[in-house]
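Report on the following structure.
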Amino acid sequence: MAKVGIFFGSDTGKTRKVAKLIQDAFASDDVAAPVNINKASIDDLLAYDYLILGTPTLGDGALPGLDCDCQAESWAEFVPELESADLAGKKVALFGLGDQTSYGNAFVDALGELYDVVSEAGASVVGFWPNEGYEFNSSNALDGDDFVGLVIDQDNQSSLTPERVKTWVASLKSEFAL
Ligand SMILES: Cc1cc2nc3c(=O)[nH]c(=O)nc-3n(C[C@H](O)[C@H](O)[C@H](O)COP(=O)(O)O)c2cc1C
């Protein structure tokens, strides 16, 4: 079985696409194909020691499914299961998609929400990412000067995505002992 599981939520498909780019950048059979969180159980996640979890921010900074009219049921429905899970001993890297131009006051806020949930469940979160190169007013996904995971803006900076993914994945390889 692969060592690293990738799970994502997505409304219009951008987060799914980035999840696939991340898997491809590892170029390793140790990284499983991305799975939509609305098709996953908590046991599917707990089967891995290393996890990569991705979410867009939709509707006032909420995790998709919670406060928005999203097509996809998504992370919000899964959060109660995560909150009661024991993620101690798991290394988790997070990535978030957002739109810094239209939603600069709540940029990738759902990434911050996901971080809070997995941290409280005991996970060790790796893969923080510098906030340079983005223009926004406010974000709940910041820890000091760093985002708590990779931040991708497919709406305004899609040309930067391949390089961002490549750099982030390179930093995760040693964290995930790959
Ligand atoms: C209704 C709606 C609300 C949004 N709210 C936010 C937001 O609060 N913060 C943010 O950074 N991006 C926000 N976005 C932008 C999305 O996060 C972004 O387009 C993302 O790439 C969508 O990913 P998906 O295609 O996987 O659903 C919003 C988009 C929509 C359509």
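For ligands, and for the atoms within them, numbers begin at 1 and follow the listed sequence.
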When you compare ligand 1 with Asp155, is there at least one nitrogen or oxygen pair between them that comes in under 3.5 angstrom? yes
Sub-4.0 Å atoms of ligand 1 with respect to non-hydrogen atoms of Asp11: 24 (P), 26 (O), 27 (O)
Among Phe107, Tyr103, Phe136, the residue with a heavy atom nearest to atom 30 (C) of ligand 1 is Tyr103
With a cut-off of 4.0 Å, which atoms of ligand 1 are near a heavy atom of Val108? 10 (C), 11 (O)
Keeping to residues at least two apart or across chains, list the ring-ring contact (aromatic ring centres under 6.0 Å, His included) pairs with something in residues 138-162. Tyr134-Phe147, Phe136-Phe147
Give the numbers and elements of all ligand 1 atoms closer than 4.0 Å to a heavy atom of Gly98. 10 (C), 11 (O), 12 (N), 17 (O)
Is the closest N or O pair between Pro56 and ligand 1 shorter than 3.5 Å? no
Provide the full list of ring-ring contact (aromatic ring centres under 6.0 Å, His included) pairs with a residue in residues 36-57, sequence neighbours left out, each pair given once. Tyr50-Phe176
Please report whether ligand 1 has a polar contact with Asp99, defined as an N or O pair separated by less than 3.5 Å (distance criterion only). yes
At their closest point, which heavy atom of Ala40 faces which heavy atom of Val35, and how far apart are they? CB-CG1, 4.2 Å
Which ligand 1 atoms are under 4.0 Å away from a heavy-atom of Ala106? 7 (C), 8 (O), 9 (N), 10 (C), 11 (O)
Salt bridge between Asp44 and Lys39, side-chain N to carboxylate O under 4.0 Å? no
Do Val92 and Ile42 belong together in a cluster built from hydrophobic side chains that touch within less than 4.5 Å? yes
Are the side chain of Lys14 and the backbone N or O of Leu97 linked by a donor-acceptor pair below 3.5 Å? no
Report yes if Gly9 has an N/O atom closer than 3.5 Å to an N/O atom of ligand 1; otherwise report no. no
Let me know which of Asp99, Thr55, Leu142, Thr57 forms a side-chain contact (heavy atoms from CB on, under 4.5 Å) with Val108. Thr57
Check: Ile52 and Trp168 side chains under 4.5 Å, non-hydrogen atoms: yes
Ligand 1 and Gln154, any nitrogen or oxygen pair closer than 3.5 angstrom? no
Which of the numbered atoms in ligand 1 are under 4.0 angstrom from any heavy atom belonging to Thr15? 23 (O), 24 (P), 26 (O)
